[in-house]
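Let me begin by presenting the structure, written as structure tokens, before commenting on it.
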Amino acid sequence: MHDDTDKEPAWSLQQSTARYQVDGWGAPYFSIADNGNVAVCPDPEQGVSLDLCELVEHLKARGLALPLLIRFSDIVRHRIKRLNEAFQKAIAEYEYTGIYRGVFPVKVNQQRRLVEEIVEAGRPFAFGLEAGSKPELLIALATMQDVGGLVICNGYKDLKYIETALLAQRFGKTVIVVLERLEELDLVLKASEKTGIRPILGVRSKLSAKGVGRWKASAGDRAKFGLTSAEIVEVADRLAQCEMLDCLQLLHFHIGSQISSIIPIKNAMQEASNIYVELAKMGCKMGYLDVGGGLAIDYDGSKTDFHASKNYTILEYAMDVVSHIGEACSKAGVPHPTLVTESGRAIAAHHSVLVFEVVGENTVRFGKPKEPSPQAHRLLQELYETYQGILPKNVQESWHDASQAKEEAQSLFKYGYLSLRERAQVERLYWNCSEKIAATLRRVRFVPEELHDLEQALSSIYYCNFSLFQSAPDIWAIDQLFPIMPIHRLAEEPTVSARLADLTCDSDGIIDHFIDVEDERRTLDVHPLKSDESYYLGMFLNGAYQEILGDLHNLFGDTNAVHVALSQEERYKIQHVIKGDSIDEVLRYVQYDPEQMVEAVRRQAERAVSAGGLTNQQMRLLMQHYEEALRSYTYLTEE
Ligand SMILES: *Cc1c(COP(=O)(O)O)cnc(C)c1O
């Protein structure tokens, strides 16, 4: 740690705002306050703001140690409101006669408090939930208790999943089973016959319009989920044969997550609108168009179609969705459907901030070189001149000169024209130049490509008290970018370039990609550490997908494991069997109480029985499925 008592150069809050792109990714929730701390405004309509650094200090004083994930419920509330208002505005603008009802995909953040908050905040808008697996369906059925509440069932389904969904429809909820594979139709027909309940069905279409970026494999003919046009027609034909054409009411597509450009969204809407109209014309009852997720977040604040950004607003998105389907339906004389979105990232990302502390550093400093004596080797004289002449306008040229001098020193040494001491002096001077160049780069807007490595090589490492794998798995898994910045001292110039290392012993536990206006940066600008003061960094926008480690995606838990050893007598023997997680175990992990969930479902079932919606027999079957599912392995098992 070094104490900088030097007088600080003039630096403004505006410069910090620009340096960390705060307005781009943070507005209207995050900004820099006059005292140089990050301010959070969880409800922009009320306009009250909190001092994030002060909040952290208070929490610390109360005994809550860092790293700390801080969730702002009002932000979630505001995101839901904003999304709904955008659709309401688009609906009014285009004189659309259908309504909008979004759903929150539980997989994006399954934490019980959050899902409950979403249901509550979404109530005025009749907002629903989307389940992508059996554990998520159990969550949705226990949490969404509103009469008329919308639950969309996606993902891989077995017979019991479907039976549970059909029975829950009798609670007065709208539970829609979306067929993702043709085989699921047989299961649905079987479940419907067994329970005596007619399903509300959807089909997920494999559009030929593709998304962009990492998730583009979510659409197209070879996508994992969804039906081709031929399969959709087959579903309709088979439903017609069973006189169940009226059951098919929803068309769904999902072209991927974080769709950074509006173009693929327009293309997908065009194609889906045509399919929707055709299905209606074939006699399917229809009534819902579910456009999936994909609504992106501007993680780097650049407002571009770069993968960490997006080039459209929520309102433009809503306008595009509404106008395409509205126009296609009006032209064909088909009633305008209820519009469903499954935006997860756009609702959950902003609300949580991870705050962690820097606990140490590794910094190499070369400092100022001494002027070589007049008798010193020509190379040293030249290199010193290069050092003296480094300016923002000639960094690249100076870099070339310094590199060339170093190479020349190597070859002169090889042929005996330079002593080892002289060679060492040249190399030392080369590093002095590099350091000065790196420092100069911090003042220029555009860093030439070939100097990126230099910047990184000379950067400090700040050791941070957190685990990347635990708190931001996507940085490590898919190189996702999140805005990271100090949450205080922002009135001071950040004069250190650093990479951030976590406390795990894993060499992958380092963050060396950061947001930038153009592309990305390899280092983060931070302040010199002070020996008597904590230094806090915040990682923002990590409320979507980061709270669950990769292996709990969709709440699939630990797998069963066996230890096998070679054995002389029987070729191998099973030494240990370790049972994998059951669903109730993973649900407890995200704060649910399985007993309370059973109670919540039982209460709803009792009510349905009294109202005559559910028979005693159906109730028994439902409770049996529900309780059995809680105890079961999180993966599919044979029936
Ligand atoms: C993951 C997923 C979503 C959520 O996508 P976002 O990009 O987070 O909005 C929605 N629907 C389906 C089917 C998904 O798989």
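For ligands, and for the atoms within them, numbers begin at 1 and follow the listed sequence.
Between the T195 side chain and the L167 main chain, no donor and acceptor come within less than 3.5 Å of each other. Under a 3.5 Å cut-off, the side chain of S632 and the backbone N or O of A629 do form a donor-acceptor pair. Judged by distance alone, the side chain of Q258 and the main-chain N or O of H307 form a donor-acceptor pair under 3.5 Å.
Of all protein heavy atoms, the one lying nearest to atom 8 (O) of ligand 1 is Y545 OH, 2.6 Å. Atom 14 (C) of ligand 1 has K107 NZ, 2.8 Å as its closest protein atom, hydrogens excluded (heavy atom only). Closest to atom 9 (O) of ligand 1, if we only count protein heavy atoms, is G344 N, 2.8 Å. Scanning the protein for heavy atoms near atom 11 (N) of ligand 1, the closest one is E342 OE1, 2.6 Å.
The option from E130, H254, R345, H252 that lies nearest to atom 3 (C) of ligand 1, judged by heavy atoms, is H254.
E120 has no carboxylate O lying under 4.0 Å from a charged side-chain N of R123, or vice versa, which leaves the two without a salt bridge. The pair K81-E85 counts as a salt bridge, with a side-chain nitrogen and a carboxylate oxygen less than 4.0 angstrom apart.
Of all the atoms in ligand 1, the ones that sit under 4.0 Å from a non-hydrogen atom of G294 are 5 (O), 6 (P), 7 (O), 9 (O). Atom numbering of ligand 1 starts at 1 in the shown order; those under 4.0 Å from a heavy atom of S343 are 9 (O). Close approach to P105 involves these atoms of ligand 1, each under 4.0 Å from a residue heavy atom: 4 (C). Residue contact check: R204 has heavy atoms under 4.0 Å from atoms 13 (C) of ligand 1.
Using bins of under 30°, 30° to 60° and over 60° for the plane-to-plane angle, the ring pair W25/F540 lands in the tilted bin. Aromatic ring orientation, H78 versus Y29: perpendicular (interplanar angle above 60°, classes split at 30° and 60°).
Residue S257 has at least one nitrogen or oxygen atom sitting less than 3.5 Å from a nitrogen or oxygen atom of ligand 1, judged on distance alone.
Within the 4.0 Å heavy-atom criterion, neither part of E180 lies near ligand 1.
The shortest side-chain heavy-atom distance between L129 and T143 falls under the 4.5 Å cut-off.
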